[in-house]
Amino acid sequence: MSSVKPRRHGRHGGLPVLLVGALTLALSLTGGPANAAQQATLHELAAAQGKYFGSATDNPELTDAAYADILGSEFGQITPGNSMKWDTTEPVQGQFNFAKGDVITGFAAQHDQTVRGHTLVWHSQLPSWVGALPSTQVEAAMTRHITEEATHYRGAVTAWDVVNEPFNEDGTYRTSPFYNAMGTDYIATALRAAHAADPDAKLYLNDYNIEGLGAKSDAMYALVSELLDEGVPLDGVGMQAHLAVQYGFPYQMQANMQRFADLGLDVAVTELDVRMQLPADAAKTATQSSYYQQVTEACLAVERCVGITVWDYTDKYSWVPSTFPGQGAANLYDENLSPKPAHSAVRTALGGQDGGGGEGGEPGALKAQYRNSDSSVGDNQIKPGLQLVNTGTTPVSLSDVTVRYWFTAGNGAATYNSWCDWSPIGCSTVTHRVVAADTPEAGADHYLEVGFTGGTLAPGATTGEIQLRLNKTDWSLFDESDDYSYGSGTSYADASRIAVYVGGEPVWGIEP
Ligand code: G3I
């Protein structure tokens with residue numbers, strides 16, 4: 001099986017999927033045919049859309065010349081991964097050390113980059129003296145720390161993560177020396193102190209797992225609404241976006257960003273990476289690319305999303321393997337500093353071209369999204385939820401479209417019933433049948449083939465969900481756990497193991 005960035009398939013007509021993958025990979029690695037858009041950096045592409053594209057970095061890495069070269073050229077914004085944190089900048093009470101952070105701001109100045117300051121108040125990487133203070137002294141120590149640091153970096157840092165990770169997963173407030181001493185007031189106090197020290201810096205609250213709608217982002221939404229009502233200086237919300245292939249894409253990220261934007265706040269994706277269980281394979285790599293692409297698309301779609309920062313751009317310097325043993329490969333470039341498919345996905349989403357050029361104007365630019373509507377992998381039915389999205393700029397005639405969802409039959413009858421239970425486009429327009437694969441593969445000896453009797457999918461439009469179901473005519477059991485197209489995600493997400501064909505030609509997905 002080969003990893004193919006599915007959106008490219010449409011350009012290549014009838015080329016076998018595997019060959020297309022090899023071609024596009026080769027082209028992207030060798031630079032491909034020269035054209036202006038192709039040479040644009042990620043930041044230039046983002047800047048053309050009014051956003052920045054940045055990366056985290058750290059002092060030790062800057063001594064790696066090849067690394068620093070890409071950091072300085074491809075990215076328009078950098079964030080110090082560690083060097084502006086409290087344990088580095090005030091390891092002993094009242095003794096400030098900005099040497100490491102100054103190296104970062106110096107690099108940025110040399111390369112015409114902006115700097116997000118990270119971070120003034122955080123429960124982690126906090127020197128032990130802070131936690132040992134009597135609670136009556138914590139506010140003064142916090143205010144002093146913020147004042148010294150934000151004053152030092154005035155003019156060099158354009159945005160501060162003033163408070164980092166204030167919430168637990170369930171949306172309750174995280175305890176910390178600051179919370180313990182001041183309750184939730186520490187957040188407003190910190191923002192006011194930062195504003196007093198640097199009135200020009202954009203002030204953010206930053207957290208992880210607030211990218212999608214959910215309890216934690218609801219808590220952030222309630223907090224920032226209250227702060228704004230009280231007139232506390234606050235400019236934006238940072239969504240870290242430490243995503244993982246195995247956990248699915250955040251639920252309704254764009255809508256979530258938009259609700260913060262609608263409060264009058266900026267939104268920034270501040271620490272994007274997409275880790276996976278190692279070893280990487282084609283399917284995980286395709287899902288990763290799709291997540292990077294979807295984050296980029298969400299930011300582009302929300303005017304107040306000011307930009308995206310990846311939490312370092314290369315697997316060579318990722319925080320992931322040491323924190324999540326067995327996981328990694330989370331970044332846009334591999335350990336040899338070669339761009340990965342996710343890099344192409346971001347480029348394409350930003351409107352750039354790679355490999356053989358962009359395919360946005362191609363007819364038949366469709367993608368499949370899937371969710372699992374079946375809580376049991378071992379019962380007598382398979383229930384895929386499917387929706388198609390037109391990612392191109394021309395309408396697609398649905399009667400030309402077929403979709404394949406691969407599964408294994410197991411023992412029992414060789415005849416099937418299939419059903420469309422519900423779809424906003426009307427199940428009467430959806431055709432479905434089970435087909436035995438000509439060349440059975442592991443996890444894929446049969447497929448559910450879905451088609452349409454008519455209708456047109458406009459650019460950007462989706463069919464909406466199509467609730468599908470199939471069973472064997474003797475109602476014998478399936479084992480879906482090894483089915484090729486099966487996924488456990490219960491929210492719609494791009495599905496690289498479901499193939500879409502227009503006029504019989506593959507336009508999306510990786511065949512088994
Ligand atoms: O510098 C010391 C080195 O001297 C020592 O030999 C080594 C041995 O452990 O540790 C080094 O410090 C490490 C530091 O990174 C610098 O590499 C720390 O142990 C390590 O814990 C620290 O990890 C950082 C992590 O935050 C700490 O929570 C990561 O680099 C940094 O990328 C990560 O960033 C956080 C964001 O600030 C907030 N959001 C989540 C994100 C990922 O965890």
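Atom set for the values below is all heavy atoms of this structure, side chains included, hydrogens, waters and symmetry mates excluded. Nothing fancy with the numbering, it's 1 onward along the sequence. Whatever order the structure lists ligands and atoms in, that order sets their numbers, starting from 1.
In this structure, the protein non-hydrogen atom closest to atom 17 (O) of ligand 1 is N82 ND2, 4.0 Å. Summary of contacts: the protein heavy atom closest to atom 36 (C) of ligand 1 is H118 NE2, 3.3 Å. Protein heavy atom at the shortest distance from atom 32 (O) of ligand 1 is W311 NE1, 2.9 Å. Nearest protein heavy-atom contact of atom 25 (C) of ligand 1 is Q125 OE1, 3.7 Å.
Contacts between Y208 and ligand 1, counted as non-hydrogen atom pairs separated by less than 4.0 Å, are absent for every part of the residue.
Every atom of ligand 1 with a heavy atom of N164 under 4.0 Å away is listed here by number and element: 38 (C). Of all atoms in ligand 1, numbered sequentially from 1 with element shown, those under 4.0 Å from a heavy atom of E165 are 38 (C), 39 (N), 40 (C). Heavy-atom proximity to Q240, at under 4.0 Å, picks out these atoms of ligand 1: 38 (C), 39 (N), 40 (C).
The nearest protein heavy atom to atom 29 (C) of ligand 1 is closer than 4.0 Å. Using a 4.0 Å threshold on non-hydrogen atoms, atom 3 (C) of ligand 1 does not count as touching the protein. Within a 4.0 Å radius of atom 42 (C) of ligand 1, the protein has at least one heavy atom. Contact annotation for atom 8 (C) of ligand 1: protein absent (non-hydrogen atoms, distance under 4.0 Å). Under the 4.0 Å distance rule, the nearest protein heavy atom to atom 13 (C) of ligand 1 falls outside the cut-off. Taking a distance limit of 4.0 Å, we find that atom 21 (O) of ligand 1 is approached by no protein heavy atom.
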inquiry  = Run Q294 and S290 through side-chain hydrogen bond (donor to acceptor under 3.5 Å, both in side chains) and show every step you take.
reply    = CA-CA 6 Å; Q294 289 180 72; S290 143; 3.0 Å; yes
request  = Evaluate salt bridge (Lys or Arg N to Asp or Glu O under 4.0 Å) for D235 paired with R304, printing each intermediate quantity in order.
outcome  = CA-CA 11 Å; D235 300 287; R304 296 292 298 258; over 6 Å; no
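Here I210 contributes atom CD1 and M253 contributes atom CE; the two are 9.0 Å apart, rounded to the nearest 0.5 Å.
Each of Y317, F75, F107 was checked for a ring-ring contact (aromatic ring centres under 6.0 Å, His included) with Y67, and the lone residue meeting it is Y317.
Note on ring orientation: taking the six-membered ring where Trp is involved, the planes of F98 and H152 are parallel (angle under 30°, cut-offs 30° and 60°). Relative orientation of the Y179 and Y173 rings is parallel, given thresholds of 30° and 60° on the angle between their planes.
Looking at heavy atoms from C-beta onward, M239 lies in side-chain contact with N256 at the 4.5 angstrom threshold.
Nearest-residue assignment for atom 33 (C) of ligand 1 (options M84, E271, K85; heavy-atom criterion): K85.
Within a 6.0 Å radius of CZ in F96, more than 12 heavy atoms belonging to other residues, nucleotides or ligands are found.
Relative to the six-membered ring of Y204, R116 meets both conditions, a distance below 6.0 Å and an angle of at most 45° to the axis.
Look at K85 and D161 and you find no salt bridge, because none of the NZ, NE, NH1 or NH2 atoms lies under 4.0 Å from a carboxylate O.
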